[in-house]
Amino acid sequence: MKKESVLIAVLGIVIGILLSVTVQKLGSRKKILNVEGDWRKINLILESLEKNYVDSIDKEKVTDAAAVAILSALDPHSIYMPPATLEQSEEELSGNFDGIGIQFNVPNDTAVVIEVIPGGPSEKIGLMPGDRLLKVDSMVIAGVKFPQDSMVRRIKGKAGSKVVVTVKRGREVIPFEITRGKIPTHSLDAAFMVNDTTGYVRLSKFSRTTYKEMLSASAELLDAGMTRMVLDLRDNVGGFLDQALSLSNLFLPKDSLIVYMEGLHRKKEVFRADGRGFLQDIGLAVLINDGSASSSEIVAGALQDNGRATILGRRSFGKGLVQEPLYFSDGSGLRITVARFYTPSGRCIQKPYSEDYQYEVYRRYNEGEMVSADSMKIEKGGIIPDVFVPVDTTRAGAFYIACNRKATAMRFASDFFDRHKAELGAIDDYGELLRYLGSCNLEQAFLDFARRKDGISPKKDEWETERQYLMTQVQALVGRYSKLGDNAFYHLYLQIDDTFKKAMEL
């Protein structure tokens, strides 16, 4: 036993010596590379890999990884985008894309068409709201938990190319061969008169067509008697600066400062209104929340600092960095932060960087900012509203949460449309829609659906608390299947919207 112990100890020493010798030999041959110079180390690393690495190197993969890593050390918004990502990003803001021209949702593992874009390829070939998408070419996409982003990629394609979309309509299964085309996209989700004098406009982003869409919608609302507007920028992710400037210009008098930007390598640049905007005399309330970012914050800050609008809601996201694009010949590109945005009063819109930057909104919840105005601080970035409207945490009980988890309301709306397609699909007047929804015992139908399909029912006291909140959402989702589309949805949903109600009280 003693001999074995000695032998093990000797072997351990020998192995240690061998390892030590190996390290020393490598050390004796080591070559010190001179890294003096701003970017020399990066070049040396890549050159060393090319000359010495044990296997062949996928240079594109390594270069992409290096670009991502380099930019991640700067700020959260300086990014590298490979070709596919860059194309998708620019397409979302371009104002049009190649495709077949439908909008759909996936309430229950099957995509349901909720809108066929007028004049688009799908409308011309005969697709209709309520159609279930079963296959794209030979690929089955229904009932197989097919990822929604993959579904979109298969349906989209270059203008002029063909795709066969097989749908279920009632009991019939119908294949449609569709030639893809240029499809206009919209940044203006809804625009309608709330009452005789107040117009409501909701913008989801600032794309290439935002200003043009706003001009058209505002002119129609003015013709309808608008003297006051509620501009909804909640969850507006931003977009093109020139569109934000043009939109702000609609409301501001001549020479009003809209925004200025400045950076280490960018001289201070100031943007002012030209005084030709035709909405300078209307009353204005602007709605924001923690999802309002970038260009939407520029608009809100400009209107607030110039005393032109009342801002309502909760502190905005806090994205006040200016990105400039740089494109490469392989289709990839960079967006590099070159400056910061400042409101007319000199407030920097950008919030501080943090380890949980992308999820900072959760910290706002944890720190009580969503329910207490005292928790909002200017130094935290973003736009601080003039009128704070807290999150209502009392309306989401167990039944509501269960319905939300199973998308019960959305699935019910789709099922209801299937059974009432002719009458609902013919409605193009809001008053007529309200009369129809009030006549079809929607509440009992929804409760029966929830119990039958999902096995959930509310307790009596629970339903008394949640009834108006949940049924208004159900009505809005059903109303979206009418010809009024999103105008119907938002018109109905605003009935339970505390921020909108507060704006109407002013």
Side-chain angles (χ1 to χ4, degrees), residues 71 74-79 89-90 92-93 187 203-208 210-211 214 231 233-252 255-274 277 284 286-309 311 313-326 334-354 357-358 360-361 364 376-386:
L71 291 172
L74 302 177
D75 67 84
H77 298 288
S78 290
I79 56 173
S89 175
E90 300 216 319
E92 288 173 356
L93 293 173
S187 57
L203 288 174
S204 60
K205 57 182 175 287
F206 285 84
S207 71
R208 285 294 182 204
T210 296
Y211 179 60
M214 188 68 179
L231 177 60
L233 298 180
R234 288 174 295 181
D235 298 313
N236 183 307
V237 296
F240 290 109
L241 171 63
D242 64 326
Q243 299 295 305
L245 296 175
S246 295
L247 190 140
S248 299
N249 189 67
L250 283 174
F251 301 99
L252 293 171
D255 293 329
S256 297
L257 178 58
I258 298 174
V259 72
Y260 68 90
M261 59 185 189
E262 196 171 13
L264 180 63
H265 303 290
R266 297 292 185 275
K267 292 181 179 179
K268 182 176 180 180
E269 191 170 0
V270 176
F271 301 92
R272 295 184 181 275
D274 63 15
L284 185 61
V286 177
L287 314 184
I288 63 171
N289 66 2
D290 44 88
S292 305
S294 188
S295 292
S296 59
E297 295 177 286
I298 289 173
V299 172
L303 298 175
Q304 184 181 54
D305 283 3
N306 282 288
R308 182 61 188 84
I311 313 298
R314 296 182 292 279
R315 180 166 66 94
S316 63
F317 181 83
K319 197 275 185 180
L321 301 177
V322 184
Q323 273 77 50
E324 282 187 2
L326 177 65
L334 305 179
R335 282 188 183 158
I336 306 172
T337 298
V338 298
R340 287 182 172 84
F341 283 121
Y342 298 85
T343 70
S345 65
R347 292 178 293 164
C348 182
I349 295 172
Q350 180 61 39
K351 66 183 179 183
Y353 306 151
S354 61
Y357 182 86
Q358 297 296 338
E360 182 256 353
V361 64
R364 299 189 193 187
M376 294 189 301
K377 306 295 181 185
I378 292 176
E379 63 270 17
K380 292 182 178 180
I383 302 300
I384 307 295
D386 302 307

Who are the side-chain hydrogen bond (donor to acceptor under 3.5 Å, both in side chains) partners of Q350, not counting sequence neighbours?
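Checked Q350 against side-chain hydrogen bond (donor to acceptor under 3.5 Å, both in side chains); matches are Y357.
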Once side-chain hydrogen bond (donor to acceptor under 3.5 Å, both in side chains) is applied, do any residues pair with R315, and if so which ones, sequence neighbours excluded?
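With neighbours one apart ignored, the set is E360, E369.
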Pairs touching residues 256-273 that satisfy side-chain hydrogen bond (donor to acceptor under 3.5 Å, both in side chains), sequence neighbours left out:
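As it turns out, the side-chain hydrogen bond (donor to acceptor under 3.5 Å, both in side chains) pairs with a partner in residues 256-273, which skip direct neighbours, are R266-E324.
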Enumerate the residue pairs fulfilling side-chain hydrogen bond (donor to acceptor under 3.5 Å, both in side chains) with a member in residues 236-250, sequence neighbours excluded, ordered by first and then second residue.
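Sorted result for residues 236-250: N249-D274.
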Main-chain N/O of [Y] paired with [X] side-chain donor or acceptor, under 3.5 Å:
X	Y	value
S187	S204	no
S78	T337	yes
Q323	I79	no

Qualifying salt bridge (charged side-chain N to carboxylate O under 4.0 Å, His left out) pairs, either residue in residues 297-306, two or more places apart
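Listed once each, the pairs are D305-R347.
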If you compare all heavy atoms of D235 against all heavy atoms of N289, which two are closest, and at what distance to 0.1 Å?
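Minimum heavy-atom contact is N-OD1, 3.0 Å.
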Which heavy atom in S295 sits nearest to a heavy atom in G239, and how many Å separate them?
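S295 and G239 have their closest heavy atoms at OG-O, 3.1 Å.
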Assess, by modelled atom type and distance only, whether the side chains of S292 and S316 contain a donor and an acceptor separated by less than 3.5 Å.
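Result is no, nothing qualifies.
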Return the set of residues passing side-chain contact (heavy atoms from CB on, under 4.5 Å) with L250 (not counting sequence neighbours), or none when no residue passes.
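Partners of L250 by the side-chain contact (heavy atoms from CB on, under 4.5 Å) criterion, ordered by chain and then number, come out as Y211, M214, L215, F278, L279.
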